[in-house]
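These numbers come from the heavy atoms of this one structure, side chains and all, not from hydrogens, waters or symmetry mates. Naming convention: chains lettered A, B, ... in sequence-line order (proteins, then strands); numbering from 1 in each chain.
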Number of protein chains: 2
Amino acid sequence: MLKRERHELIMRQINLHNRVLTTDLVDLLQVSEDTIRRDLQELCEHQKLLKVHGGALSRSYQSAYDDNAIYARDAKIAIAKKAISLIKDGMVILTGGGTTIIELVKQLPVNLKATFFTISPFVAIELTKYDGIEVILIGGIFSKNSKVTYGSHVISQLAGINADLCLIGTSAIHPQNGLTDTDWEINELKKAMFHCAKSVAILCISEKLNSTLRLKVAGLENIHYLITELSVREEVLKAYLAKGLNVY
Amino acid sequence: MLKRERHELIMRQINLHNRVLTTDLVDLLQVSEDTIRRDLQELCEHQKLLKVHGGALSRSYQSAYDDNAIYARDAKIAIAKKAISLIKDGMVILTGGGTTIIELVKQLPVNLKATFFTISPFVAIELTKYDGIEVILIGGIFSKNSKVTYGSHVISQLAGINADLCLIGTSAIHPQNGLTDTDWEINELKKAMFHCAKSVAILCISEKLNSTLRLKVAGLENIHYLITELSVREEVLKAYLAKGLNVY
DNA sequence: ACCCAATCTGCGTGTTTATGCGGGTTTTTG
DNA sequence: CAAAAACCCGCATAAACACGCAGATTGGGT
């Protein structure tokens, strides 16, 4: 095994999984730990990867967006963990975009077997880390604001999909006014997404509860699950429970 | 055993296995190590292979290496700048994925008015920075390896597109063998892309010139522009000019 | 056929590179 | 805070390499 070959293989692993463990490489390449360490060190010096304790990480697409810059990240992770309990092997899942959904994807169990349809390239990219997940990116006009695909072409494609679960973030939710938002095109999109899934889960950080925006997306009767970072016993959630939602 | 014969045989081994060990060649060709070393050195100078400690590798077998961003970045920027001269306001442009294309997008003039179709989420995301550019992301199964959408759904959508220019990177190009690659699905995709554009430009860093992989994508007659970081007067480009390509 | 120059090849010598191992140190984790 | 894992450092060694030189081969030119 030539050194350069090892480097190639290591880089391939990195590109594939975005991370490698030293021990895995020892096993895979049948050389000593020291050699792997030296390889990683060299590749790191050449800026090909990021060496960390225990292995190495991909350097390429940390840039997509900054982990630490996400607003209310802890809350979103808490939401993600709850939402995952709705996901089972073999499901067909439809997702929107947004940082909450991305956090959810990052928390998925590594050996999950499922099919994800998404309108968000960021979500799609994140999902490629999971070997057991088939990712279908729904194409269309790409929105410069919300960074998802939209437009009639997306909606007509959605019509052909029959998902088990639709996971979607929201800008505002209210016990009486239901789900509301500001962008008409995106609203049409969300309506279409709701129609093609057996059940719909809304992921929503608590500060967006009980707020209303200009345009109505859907009433609460179209929604099956509401997932926030709060405990179910919180006062603010009572009104939603009363409306018949499953609140987590 | 003539030198030329040895060189032929070495290249055959390289094309077959993507790698050779010096010691194996000594055994196979029944000559001294020094001779083999000199052979490899010479072939390396003629850009036929990549000499490494212990043997040599195929020039095209460095795919994973430079996929990862910064490698040969300057060359890719140079390529990008040349490629931009092909782009005019009002054009409909179809692009593939890969770091070279992303560099190109980064170099685009800020006030360009155009429509971009792309199969790469990364390219789409990068393009959203330009107000004057409409971005259509073509949807389909999302490839974990090459990070582009592919499959029959993509191909059928491509059929409805009529682009002015198709910009695409490549893994290997050769004066006789044309464009070649390793992944059958991606090859079919590239073929479909070529068919729906009036002209096709290949972006290719020089070290991928004169290399060949397993599967044929297209002959040079399907390609209109070849863009590398080299000057047109370079020796390696002669063969492509002779084939009638516009070489930049 | 002969010679000469150019090239090619193999060998000896000294150098560099790649790798694994032992022992001590740091980081992680429960 | 202690065990385990991962790490770093120096050393030994074998393989690969570079370089100079001499003999062998080749390919015209006369």
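Salt bridge status for B:K76 with B:E229: absent, with no side-chain N to carboxylate O gap under 4.0 Å. Ionic pairing of A:K113 and A:D89 is not present here: no N-O contact between side-chain nitrogen and carboxylate oxygen is shorter than 4.0 angstrom.
Atoms CE (A:M1) and P (D:dA16) sit 15 Å apart, rounded to a whole Å. Separating the CD atom of A:E42 from the P atom of C:dT19 is a distance of 9 Å, rounded to the nearest angstrom. Distance A:H7 NE2 to C:dA18 C1': 10 Å, rounded to the nearest Å. Atoms CG (B:L29) and P (C:dG10) sit 11 Å apart, rounded to a whole Å. The CD-P distance, from A:E5 to C:dT19, rounds to 11 Å in whole Å. Summarising the geometry, the separation between CZ on B:R37 and C1' on D:dC19 is reported as 11 Å, rounded to the nearest angstrom. One interatomic measurement links the two molecules: CD of B:Q41 to P of D:dC17, which rounds to 10 Å at whole-angstrom precision. In this structure, CD of A:E33 is placed 17 Å from P of C:dG23, rounded to the nearest angstrom.
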Passes salt bridge (Lys or Arg N to Asp or Glu O under 4.0 Å), B:D181 versus B:K190? Steps please.
-> CA-CA 10 Å; B:D181 215 318; B:K190 286 188 177 175; 3.2 Å; yes

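Listed pair B:T35 / C:dG10 meets the phosphate criterion, a side-chain N or O lying under 4.0 Å from OP1 or OP2. Between A:T22 and D:dC7 there is a side-chain polar atom (N or O) within less than 4.0 angstrom of OP1 or OP2. Distances shorter than 4.0 Å separate some side-chain N or O of A:R6 from OP1 or OP2 on C:dT19.
Distance from the side chain of B:R38 is smallest to C:dC11 among C:dC11, D:dA16, C:dC21. You'll find that the side chain of A:V31 is closest to C:dG20, out of C:dG20, D:dA16, D:dA18.
Mapping B:H53 and B:K3 onto DNA chain C via the closest heavy atom, the residue that lands nearer the 5' end is B:K3. If B:G54 and A:D34 are placed on DNA chain D by their nearest nucleotide, the residue sitting closer to the 5' end is A:D34. Nearer to the 5' terminus of DNA chain D, by closest-nucleotide assignment, is the contact made by A:G55 (compared with the other of B:L2 and A:G55).
Residue-level contact check: A:V26 touches neither bases nor backbone, having no heavy atom under 4.0 Å from any strand.
Remark: the backbone N or O of A:D164 is paired with a side-chain donor or acceptor of A:S199 at under 3.5 angstrom.
Residues A:E5 and B:L57 are in side-chain contact: their nearest non-hydrogen atoms beyond the backbone lie under 4.5 Å apart.
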